[in-house]
2 protein chains.
Amino acid sequence: MSQPQFKALADPTRRDILRLLSQQEMTIAQVCDHFTMTRAAVKKHLSVLEAGGLISSHARGRECLNRFEPAGFAPVRDWIGFFDQFWDHHLSALNSAIEKDQSDDPDRDQNKD
Amino acid sequence: MSQPQFKALADPTRRDILRLLSQQEMTIAQVCDHFTMTRAAVKKHLSVLEAGGLISSHARGRECLNRFEPAGFAPVRDWIGFFDQFWDHHLSALNSAIEKDQSDDPDRDQNKD
DNA sequence: TTTATGCGATACCAAACGGTATCATGTCAA
DNA sequence: TTGACATGATACCGTTTGGTATCGCATAAA
């Protein structure tokens with residue numbers, strides 16, 4: 001599919017999973033503990049993330065470890081980067097406002113200007 | 001919906017539309033000229049983009065001008081920015097390789113490192 | 001006014017998506 | 001070997017999505 005990373009990022013559950021996996025590798029069961037859906041549903045999300053190159057999974061015994069892959073973000077970062085030329089620094093305040101309004105995950109504290 | 005910007009970016013047609021509108025405002029008909037689908041389909045995509053705050057539309061006579069809104073990218077940029085901590089500079093080469101492989105739009109010349 | 005055109009809205013369809021239930025398989029442990 | 005358990009795969013279901021066809025409306029032009 002064209003640019004499967006974008007589709008992988010389109011679902012809020014998958015974005016949450018990425019947050020989890022960026023902290024540490026997890027088996028499918030471990031990821032499931034953070035959600036109310038079934039293991040099969042989580043597995044589907046993991047498959048989409050893997051198709052987008054945002055995570056990798058490899059077996060360890062009978063378990064299956066899922067690892068965050070920062071390199072998968074490259075195409076997304078690059079595509080977004082095209083629009084940097086339209087970015088005005090005075091929008092940073094708006095940035096914060098919108099982000100504060102729409103974020104449901106408060107543990108982000110990096111500011112990048 | 002939660003973070004509708006991500007869903008707006010998930011479709012390649014919508015990403016192409018964003019590229020177009022970043023160059024100049026367009027009516028729906030003008031946007032249609034760049035695609036083979038019907039006007040109704042294009043209109044749907046524009047509605048999704050507007051719901052995500054990535055474009056705005058306002059009437060001018062009987063026409064409807066669609067304008068690119070850079071500020072809509074703020075939440076996306078911010079969310080992606082969380083993962084900057086996992087970004088390693090030696091991945092930039094990989095970045096370029098992946099981007100070259102998957103890009104179908106060569107008119108990007110900004111480099112950001 | 002009359003006509004043509006750009007647009008919005010609706011109804012409708014096929015395919016994809018998010019999710020559950022279920023079964024088969026491989027592996028760890030007793 | 002036997003049993004428990006984590007996973008993979010499949011079938012299935014309801015909803016959403018991407019798309020078309022069609023209608024009506026408002027506006028620009030004749």
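Taken residue by residue, residues 21-34 of chain A places heavy atoms nearer than 4.0 Å to DNA chain D at Thr27(A), Ile28(A), Ala29(A).
Look at Lys7(A) and you'll find a side-chain N or O under 4.0 angstrom from OP1 or OP2 of dC17(C).
When the nucleotides dG8(C), dG18(D), dG18(C) are ranked by their closest atom to the side chain of Arg14(B), dG18(D) comes out on top. The side chain of Asp11(A) lies closest to dG18(C), out of dC7(C), dG19(D), dG18(C).
If you measure from atom CG of Leu46(A) to atom C1' of dG8(D), you get 13 Å, rounded to the nearest angstrom. Here dG8(D) presents its C1' atom at 16 Å from CG of Leu65(A), a figure rounded to the nearest Å. Note: CZ (Arg15(A)) to P (dG18(C)) measures 12 Å, nearest angstrom. One can place NE2 of His45(B) at 17 Å from C1' of dG8(C), the figure rounded to the nearest angstrom. When the P atom of dG8(D) is taken as reference, atom NZ of Lys43(A) falls 4 Å away, rounded to whole Å. Put simply, CG on Asn66(A) is 15 Å from P on dA6(D), counting in whole angstrom units.
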Under 3.5 Å between N/O atoms: give me all the protein pairs with nucleotides 26-30 of chain D, atom names plus distance.
| from | atom 1 | to | atom 2 | distance (Å) |
| --- | --- | --- | --- | --- |
| dT27(D) | O2 | Arg62(B) | NH1 | 3.3 |

What protein N or O atoms touch nucleotides 20-22 of chain C N or O atoms at under 3.5 angstrom, if any, and at what distances?
| from | atom 1 | to | atom 2 | distance (Å) |
| --- | --- | --- | --- | --- |
| dT20(C) | OP2 | Thr38(A) | N | 2.7 |
| dT20(C) | OP2 | Thr38(A) | OG1 | 2.8 |

Identify every side-chain donor-acceptor pair in residues 45-52 of chain B under 3.5 Å, counting partners at least two apart or on other chains, and give the distances.
| from | atom 1 | to | atom 2 | distance (Å) |
| --- | --- | --- | --- | --- |
| His45(B) | ND1 | Arg14(B) | NH1 | 3.1 |
| Ser47(B) | OG | Lys43(B) | O | 3.0 |
| Glu50(B) | OE1 | Ser57(B) | OG | 3.4 |
| Glu50(B) | OE2 | Ser57(B) | OG | 3.2 |

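Gln30(A) and Glu25(A) get closest at one heavy-atom pair: OE1-O, 4.2 Å. In terms of heavy-atom proximity, Val42(A) sits nearest to Val31(A) at CG1-CG1, 3.6 Å. For Met37(A) against Thr13(A), the heavy-atom pair with the smallest separation is CE-CG2, 3.4 Å.
Phe83(B) is linked by a ring-ring contact (aromatic ring centres under 6.0 Å, His included) to Phe68(A), Phe73(A), Trp79(B), counting only residues two or more places apart in sequence or in another chain.
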**Criterion side chain to side chain contact (heavy atoms under 4.5 Å, CB included) on Ile80(B) and Leu9(A), from CA distance to verdict** = CA-CA 10 Å; Ile80(B) 299 283; Leu9(A) 292 179; 4.1 Å; yes
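Five base pairs at each end of the helix from dT1(C)-dA30(D) to dA30(C)-dT1(D) define two local axes, and these are offset by 30° (rounded to 10°).
Here the CZ atom belonging to Arg67(A) is positioned 5.0 Å from the OG atom belonging to Ser56(A), to the nearest 0.5 angstrom.
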